[in-house]
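Throughout, residue positions are numbered sequentially from 1 according to the sequence presented. Note that the structure is a prediction, hence the values are computed from the model and not measured. Computed over heavy atoms, backbone and side chain alike; hydrogens, waters and symmetry mates excluded.
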Amino acid sequence: MRRALAGIALAVTSMVALSFLIPLALLVREQARDRATTAAEQRASALSPVLALTTRRADVQQAVAELGSSDQLVVRLPDGSFVGTPHAPRDALERAVRRRETLTVDTAGGWVYLQPVVLQGDRVAVVEAFVPAADLTRGVAASWGVMALLALGLVGGSVLVADRLGARVVRSSRSLKRASLALGSGDLDVRVQPDGPPELQEAGAAFNTMADRVLDLLAVERELVADLSHRLRTPLTALYLEADRMGSTPSARRVAEAAGQLESELDSIIAAARTPLASARPARAAAGAAKVCDVAEVVAMRLDFWSVLAAKQGRPYERSLTPRLVPVAFPEDDLAAVVDALIGNVFRHTPEGTAFAVRVERADRHVFLTVDDAGPGVADPAAALTRGVSVGGSTGLGLDIVARASREADGELTITRAPLGGARVRVSFVLADAGGAGGGVW
């Protein structure tokens with residue numbers, strides 16, 4: 001923007017300066033010429049009375065000398081002789097004598113003024129006033145130089161002022177841009193100092209209002225999440241009581257285990273919701289970077305949990321877990337939530353007895369978690385990855401949780417058709433020992 005404003009100022013000021021300087025330069029040249037020719041005409045006119053009184057050579061020479069222009073003032077006497085060296089062409093002199101008219105002639109050496117003087121006896125003398133070419137333009141170059149310097153100063157000053165104004169606008173725009181990027185990166189405390197033109201000041205004030213509004217809305221949302229999570233403790237307590245009434249049976253233990261896991265998740269949600277907004281994202285990022293877990297180990301643990309329900313529903317399943325270590329810089333609880341979301345989708349969206357398969361594979365820099373099923377598949381994978389959009393009557397948050405987890409681990413989520421005939425959901429994570437955090441642990 002600064003360059004554009006400076007260019008506009010340069011172009012406009014240059015055109016204005018040229019529109020005035022060109023006519024003014026021509027006028028200065030004409031004035032210099034007029035001044036020199038007028039002086040020559042006055043000298044010639046001053047000599048005419050002398051010729052009217054006498055045409056003696058000595059007297060005429062003395063008069064020319066007194067006028068101080070012996071090299072530029074020439075007299076053609078009536079007898080055809082000259083006092084001084086003539087500069088006018090011969091035909092011009094003859095014309096002035098014959099027609100008795102005043103002439104001006106431009107020659108190679110300068111400008112010539114011929115003034116005939118009619119004497120007694122119908123005799124004619126001619127006074128020639130000569131102006132050298134240098135005298136016609138005397139002082140013009142200096143005047144043009146002064147005008148050029150003034151024009152350069154005017155153009156330079158306008159460009160400098162435009163650049164300063166542009167710098168102020170650019171500075172305000174960049175400040176607003178940095179604040180917007182910081183807000184988008186999670187710095188909810190960032191604000192701008194309105195500066196610059198009135199429009200940018202209004203934009204800065206609007207940005208601050210928007211940031212305050214976002215902070216208020218996020219605070220309300222987090223309070224609602226925390227309150228909702230806390231309200232779930234009531235049915236959770238009922239599960240504990242139901243498990244106690246069931247005694248020490250395997251079913252009771254499974255219910256108690258599930259209730260304990262649910263309580264742990266609720267505690268994590270409430271703690272996260274109560275975390276101050278300004279430190280929530282950095283704290284989560286630091287926690288995620290500090291914890292490393294093995295994908296195969298977490299998947300095996302969660303498969304053991306789901307295997308009980310799979311056996312009850314008659315679902316055959318296949319597990320294929322790489323024997324190699326597959327560490328990822330990701331909290332174990334979050335990875336377990338990803339596995340539960342993937343396997344839970346199979347149980348929720350396919351009929352009982354539908355087979356599924358879970359595989360963990362290691363590549364050079366990534367680990368792939370794949371869940372296949374023999375169900376009806378996903379007709380619109382893009383819609384399934386949209387938060388809050390369901391393709392099977394659910395809340396639509398399960399796959400969104402998986403997608404966000406994969407992005408936090410520098411991976412990706414894809415949905416395709418599985419060899420079993422249903423859906424294939426594949427999640428990739430960057431290995432911790434491939435340049436991620438915690439690479440030195442394994």
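- The aromatic rings of F429 and F330 sit tilted relative to each other, their planes meeting at an angle between 30° and 60°.
- Formation of a donor-acceptor pair under 3.5 Å by the S45 side chain with backbone atoms of E41 is found in this model.
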Verdict with reasoning, V430 to V328, per side chain to side chain contact (heavy atoms under 4.5 Å, CB included)
CA-CA 6 Å; V430 174; V328 294; over 6 Å; no

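- Salt-bridge annotation for R99 and D91: absent, with no side-chain N of the basic residue lying under 4.0 Å from a carboxylate O of the acidic one.
- A heavy-atom distance below 4.5 Å is found between the side chains of L77 and V83.
- Taking both residues in full, the closest heavy atoms of G377 and R417 are given as CA-NH1, 3.7 Å, listed atom of the first, atom of the second, then distance.
- With hydrogens and angles left out, the side-chain atoms of D59 and T54 include a donor and acceptor closer than 3.5 Å.
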List the atom pairs, donor and acceptor, that lie under 3.5 Å between side-chain atoms in residues 418-425 and the rest of the protein, sequence neighbours left out.
residue: R424; atom: NE; partner: D372; partner atom: OD1; Å: 2.9
residue: R424; atom: NE; partner: D372; partner atom: OD2; Å: 3.3
residue: R424; atom: NH2; partner: D372; partner atom: OD2; Å: 2.9

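- Remark: side-chain polar atoms of T137 are not paired, donor with acceptor, to backbone N or O of V140 under 3.5 angstrom.
- In terms of modelled atom types and a separation under 3.5 Å, the side chain of R43 and the main chain of V64 share no donor-acceptor contact.
- With contacts defined as side-chain heavy-atom distances shorter than 4.5 Å, the pair L103/Q115 does not qualify.
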Going through the checks in order, is the side chain to side chain contact (heavy atoms under 4.5 Å, CB included) test met by V127 and L51?
CA-CA 9 Å; V127 180; L51 293 174; 3.4 Å; yes

Evaluation steps, side chain to side chain contact (heavy atoms under 4.5 Å, CB included), between D122 and R100
CA-CA 11 Å; D122 200 25; R100 302 178 182 183; 2.2 Å; yes

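- Residues passing the side chain to side chain contact (heavy atoms under 4.5 Å, CB included) test with A336 are V298, R302, sequence neighbours excluded.
- Here N208 pairs with nothing under the side chain to side chain donor-acceptor pair (under 3.5 Å) rule; sequence neighbours left out.
- Here the side chains of V124 and R76 are not in contact, with every heavy-atom distance at 4.5 Å or above.
- In this structure, Q72 and H87 have side chains that are not in contact, with every pair of non-hydrogen atoms separated by 4.5 Å or more.
- Contact record, T38 with D34: OG1-O, 2.7 Å, taken as the closest heavy-atom pair.
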Run W306 and V339 through side chain to side chain contact (heavy atoms under 4.5 Å, CB included) and show every step you take.
CA-CA 10 Å; W306 287 98; V339 178; 5.6 Å; no

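- Salt bridge present: R95 and E101 bring a charged side-chain N and a carboxylate O closer than 4.0 Å.
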